[in-house]
Amino acid sequence: MRRPFLKMNGLGNDFVVWDARDTRLVLTPEIIAKLGSRDTGIGFDQMITVERSTVSGVDAFMRIHNCDGSQVDACGNATRCVGRLLLEESGKDAVMIQTNAGLLSATAAGAPREITVDMGKPRVNWDQIPLAEEFADTRAIELQIGPIDDPILHTPAVVNMGNPHGIFWVKDIEAYDLSKVGPLLEHHPVFPEGANISLAQFIGKDEIRVKVWERGVGLTQACGTAACAVAVAAVRDTRAGRKSKIHLPGGILNIEWRESDSHVMMSGPTEIEFEGEVDLETIEWTKTAPGDNDQAQEATGGAA
Ligand SMILES: N[C@H](CCC[C@H](N)C(=O)O)C(=O)O
């Protein structure tokens, strides 16, 4: 059975997006992992299924799966992408997206394809992250993040943005091999539900460079909820103001942890890479229509 999809990304954190508002779509974790594989399938960091919301007046429900097939409750970059689709489809100035982590609102951020999402309030109590009970005093958490010749134990900042985040402030991100320490920390017993792991380095006033090992994925070009979590941790650790620029490998996200209501506002780009169609039995897929940049080239007769 062939099914249309959109391939999208937010700063290179990429997604397959299904519209399942009229035709339900339930896939097993095994099929999701096959589709998500950059060898056997379409390849993505997360799979996003847009469904009818169960809450009246809310535009859609967004279901999120990591490429390992695990279902999770928050994905900042995908929320911007789904927000863009709903805003363009409805012509409204703002749309509401229901997730298992709560209701999120999305609005246009000014520049084309730039979207602002209200990611709601951060949670910082140990049982909200969650952390294992024996680590209720987060100061007691000392984790080895390498490198081998620098066996300094680090205490992470911990924030939940609808998903768990462990953040390590370091002087030089390049001094650590996140591809090695990331999986160890993601599955560390201190995080009973796992965690997204960020290395964060200040590069200027309210400018922070971040690299992320995502739970259920691995290294990604960007992670929206991590950007929010780092910005919140920077304020709590009195290292930054309430507005900060988070520099990820894929680009910059602008974050504001609003004083008035403690909501975290995240602004950044979205991209439709292409439209496609996939056979859910054979996982064979084809592109059926160009994306934003292809169209831009076509429109301008752009050079190859
Ligand atoms: N890997 C995350 C979900 C996706 C988060 C990320 N892609 C974002 O933009 O927030 C988790 O397991 O909690």
Side-chain angles (χ1 to χ4, degrees), residues 7-17 29 32-33 36 38 43-49 62-84 97 99-102 104 106 114-123 128-131 156 158-167 178-179 182-183 185-188 191-200 210-233 246-255 257 264-271 273:
K7 183 70 178 17
M8 298 187 78
N9 77 72
L11 293 180
N13 179 207
D14 65 343
F15 317 107
V16 154
V17 182
I32 295 170
R38 299 191 193 275
F44 52 71
D45 292 332
Q46 278 84 30
M47 185 183 89
I48 305 300
T49 309
M62 181 175 89
R63 192 177 302 280
I64 306 154
H65 288 87
N66 285 319
C67 60
D68 68 351
S70 57
Q71 180 169 226
V72 291
D73 297 340
C75 180
N77 286 318
T79 307
R80 285 202 317 281
C81 290
V82 170
R84 170 185 162 185
I97 301 168
T99 69
N100 284 331
L104 308 176
E114 296 257 335
I115 300 293
T116 295
V117 173
D118 177 344
M119 293 296 288
K121 295 180 181 178
R123 277 77 76 181
Q128 295 174 313
I129 302 305
L131 296 176
V158 287
V159 179
N160 182 291
M161 286 302 306
N163 57 355
H165 289 271
I167 296 147
L178 191 54
S179 64
L185 294 169
E186 172 191 354
H187 299 292
H188 193 284
F191 300 116
E193 292 178 11
N196 299 282
I197 302 299
S198 291
L199 298 178
V210 177
K211 253 182 165 179
V212 188
W213 174 274
E214 279 201 32
R215 177 180 64 169
V217 183
L219 291 174
T220 60
Q221 283 296 298
C223 178
T225 49
C228 296
V230 165
V232 167
I246 308 299
H247 296 249
L248 296 138
I252 295 173
L253 288 176
N254 290 293
I255 311 293
W257 185 17
V264 182
M265 309 302 289
M266 169 193 62
S267 300
T270 63
E271 181 186 353
E273 297 175 19

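Nothing here was measured: the structure is a model prediction, and the numbers come from that model. In listed order, ligands and their atoms are each counted from 1.
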Write down the atom of Pro192, the atom of Pro130, and the distance for their closest heavy-atom approach.
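So the two residues come closest at CD-O, 3.5 Å.
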Distance to 0.1 Å, residue and atom name: give those for the protein heavy atom nearest to [atom].
atom                    : answer
atom 5 (C) of ligand 1  : Glu214 OE1, 3.5 Å
atom 10 (O) of ligand 1 : Thr225 OG1, 2.6 Å
atom 3 (C) of ligand 1  : Ala74 O, 3.4 Å

N or O pair under 3.5 Å between Gly224 and ligand 1
yes
Gly76-ligand 1 polar pair, N/O distance under 3.5 Å
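Min N/O separation from ligand 1 is below 3.5 Å for Gly76.
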Using distance alone, with no hydrogens and no angle criterion, decide if [X] and [Y] have a side-chain donor and acceptor under 3.5 Å apart.
X      : Y      : answer
His165 : Ser198 : no
Gln46  : Asn13  : yes
Thr270 : Arg80  : no
Glu214 : Asn196 : no

If the contact criterion is a heavy-atom separation under 4.0 Å, does Cys223 count as touching ligand 1?
yes
If the contact criterion is a heavy-atom separation under 4.0 Å, does Asn66 count as touching ligand 1?
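True for this residue.
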If the threshold is 4.0 Å, N to carboxylate O, is there a salt bridge linking Asp45 and Arg38?
yes
Option whose closest heavy atom lies nearest to atom 2 (C) of ligand 1, chosen from Asp45, Val72, Asn196
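Of the listed residues, Asn196 has the closest heavy atom.
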My understanding is that we take every heavy atom of each candidate and find the minimum distance to atom 4 (C) of ligand 1. Doing that for Gln71, Gln46, Arg80, which one comes out nearest?
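Minimum heavy-atom distance to atom 4 (C) of ligand 1 goes to Gln46.
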Below a 4.0 angstrom heavy-atom separation, can you tell me which part of Asn77, side chain or backbone, both or neither, approaches ligand 1?
both
What is the distance from atom CZ of Arg63 to atom CE of Met47, rounded to the nearest 0.5 Å?
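Atom-to-atom, Arg63:CZ and Met47:CE are 9.0 Å apart.
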